[in-house]
Amino acid sequence: MRVAIFVIAASQRKDRIAFRRGLLLLVLALFAFAPVFFGLGAQQNSPETPKGQNQGWFLIAHRGLSDPFFAKSTVLIVMTVAGKPDPGVVGLIVNKRTKMKLAELFPHARSVKKQDVTAYFGGPVDIHAVSAVFRASVAPRESVHAIHVFADIYVTFDPKSAEELVKKSKQPSELRIFLGRSQWTQPQLRHEMRIGAWYSTHDGADPIFASDPDKVWEALLDRMEPRPYVDYHLPGVKEATVRSRSAL
């Protein structure tokens, strides 16, 4: 009988030890994966103050890029943000209008009540977050929370600042409102460019405030895309034109 009791007690001690070990492993696993969970949540926060000046340029999607969010896109790179282990690159797609009217997005802004102006799709990150790109001849007040992109172009990711800009804007051609943003880590974007997913260019503010944004991507691509043929005149021959296959 004592032997049986001893065996049962020993078995119970083994069960308790196994349970404690299992609990300890579970706690350690939670700590191990905590940075992943918190990291994913942090990517959804608004961009921080930029570190460095790697901004103010455009990405033009390659004709073969089939990503549902970025196909036929022109992306304005507006800022770089601190991040671990790699900094992030933040941009806004400037050529894709949504069906969301500014009058619906900002119901208290009288300036847009009678205007048929819509917001733009900035990218798949934080799709409901409002941001704005605008022109300003002088630096905006500190209350606007704006970041200088290049020349007279600024961006704000603060919804209240965006609403104030909409209320005071008299020229819609100098203001664009966006929903969502585009964001990569620097190694990720470098890889996409290395495999030919994007062309890059500095093209001023014209692509941002184009009167017909539906034509922006094609117009920029026509300038960036290599041509299969090139025309040139032979030295000393004025009239004859020879067509040759380009090395590109």
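Since this is a predicted model, take the numbers as computed values, not measurements.
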Suppose we screen for side-chain contact (heavy atoms from CB on, under 4.5 Å). Which residues come up paired with Lys96, at least two apart in sequence or across chains?
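Listed in chain order: Ser73, Ile93, Phe121.
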Contacts of type side-chain contact (heavy atoms from CB on, under 4.5 Å), residue Met193, not counting sequence neighbours:
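By the side-chain contact (heavy atoms from CB on, under 4.5 Å) rule, Met193 matches Trp57, Leu59, Leu189, Trp198, Ser200.
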Under the salt bridge (charged side-chain N to carboxylate O under 4.0 Å, His left out) test, which residues partner Lys160, sequence neighbours left out?
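Partners of Lys160 under the salt bridge (charged side-chain N to carboxylate O under 4.0 Å, His left out) test: none.
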Checking Asp86 now: which residues fulfil salt bridge (charged side-chain N to carboxylate O under 4.0 Å, His left out) with it, not counting sequence neighbours?
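So Asp86 forms no salt bridge (charged side-chain N to carboxylate O under 4.0 Å, His left out) with any residue.
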Where do His202 and Phe58 land on the ring pair (Phe, Tyr, Trp, His ring centres under 6.0 Å) test, with the steps shown first?
CA-CA 6 Å; His202 291 77; Phe58 293 90; 8.3 Å; no
Closest non-hydrogen atom pair, [X] against [Y]:
X: His145; Y: Thr156; value: O-OG1, 3.1 Å
X: Pro140; Y: Tyr154; value: CD-CE2, 3.5 Å
X: Ser169; Y: Leu175; value: CB-CD2, 3.8 Å

Given 3.5 Å as the limit, does a donor-acceptor pair link the side chain of Asn95 with the main chain of Ala210, or not?
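Looks like no, no N/O pair under 3.5 Å.
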Are any side-chain N or O atoms of Thr98 and backbone N or O atoms of Ala119, one a donor and one an acceptor, separated by less than 3.5 Å?
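Here the side-chain-to-backbone pair exists.
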Quick one: side-chain hydrogen bond (donor to acceptor under 3.5 Å, both in side chains) partners of [X], sequence neighbours excluded?
X: Tyr120; result: Arg176
X: Arg110; result: none
X: Ser161; result: Asp158

For [range], pull every pair meeting salt bridge (Lys or Arg N to Asp or Glu O under 4.0 Å), keeping only residues two or more places apart or in separate chains.
range: residues 99-108; answer: Lys101-Asp116
range: residues 55-70; answer: Arg63-Glu218, Arg63-Glu225
range: residues 188-208; answer: Asp203-Arg223

Just distance, no hydrogens or angles: give the donor-acceptor pairs under 3.5 Å from side chains in residues 129-137, sequence neighbours left out.
from   : atom 1 : to     : atom 2 : distance (Å)
Arg135 : NE     : Asp152 : OD2    : 3.4

Strictly by ring pair (Phe, Tyr, Trp, His ring centres under 6.0 Å), give each pair with a member in residues 81-103 just once, sequence neighbours left out.
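Residue pairs passing ring pair (Phe, Tyr, Trp, His ring centres under 6.0 Å), neighbours aside: none found.
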Going from CG on Leu76 to CD1 on Ile153, what distance comes out if it is rounded to the nearest 0.5 angstrom?
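So the gap between those two atoms works out to 8.5 Å.
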Any chance you could measure Thr74, atom OG1, to Leu92, atom CG, to the nearest 0.5 Å?
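The OG1 atom of Thr74 sits 12.5 Å away from the CG atom of Leu92.
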Ring centres under 6.0 Å, that's the criterion: do Tyr199 and Trp217 meet it?
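Not under 6.0 Å, so no.
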So for atom NZ, which belongs to Lys215, do other residues, nucleotides or ligands contribute more than 12 heavy atoms lying within a distance under 6.0 Å?
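Atom NZ in Lys215 is not packed in, count stays at 12 or less.
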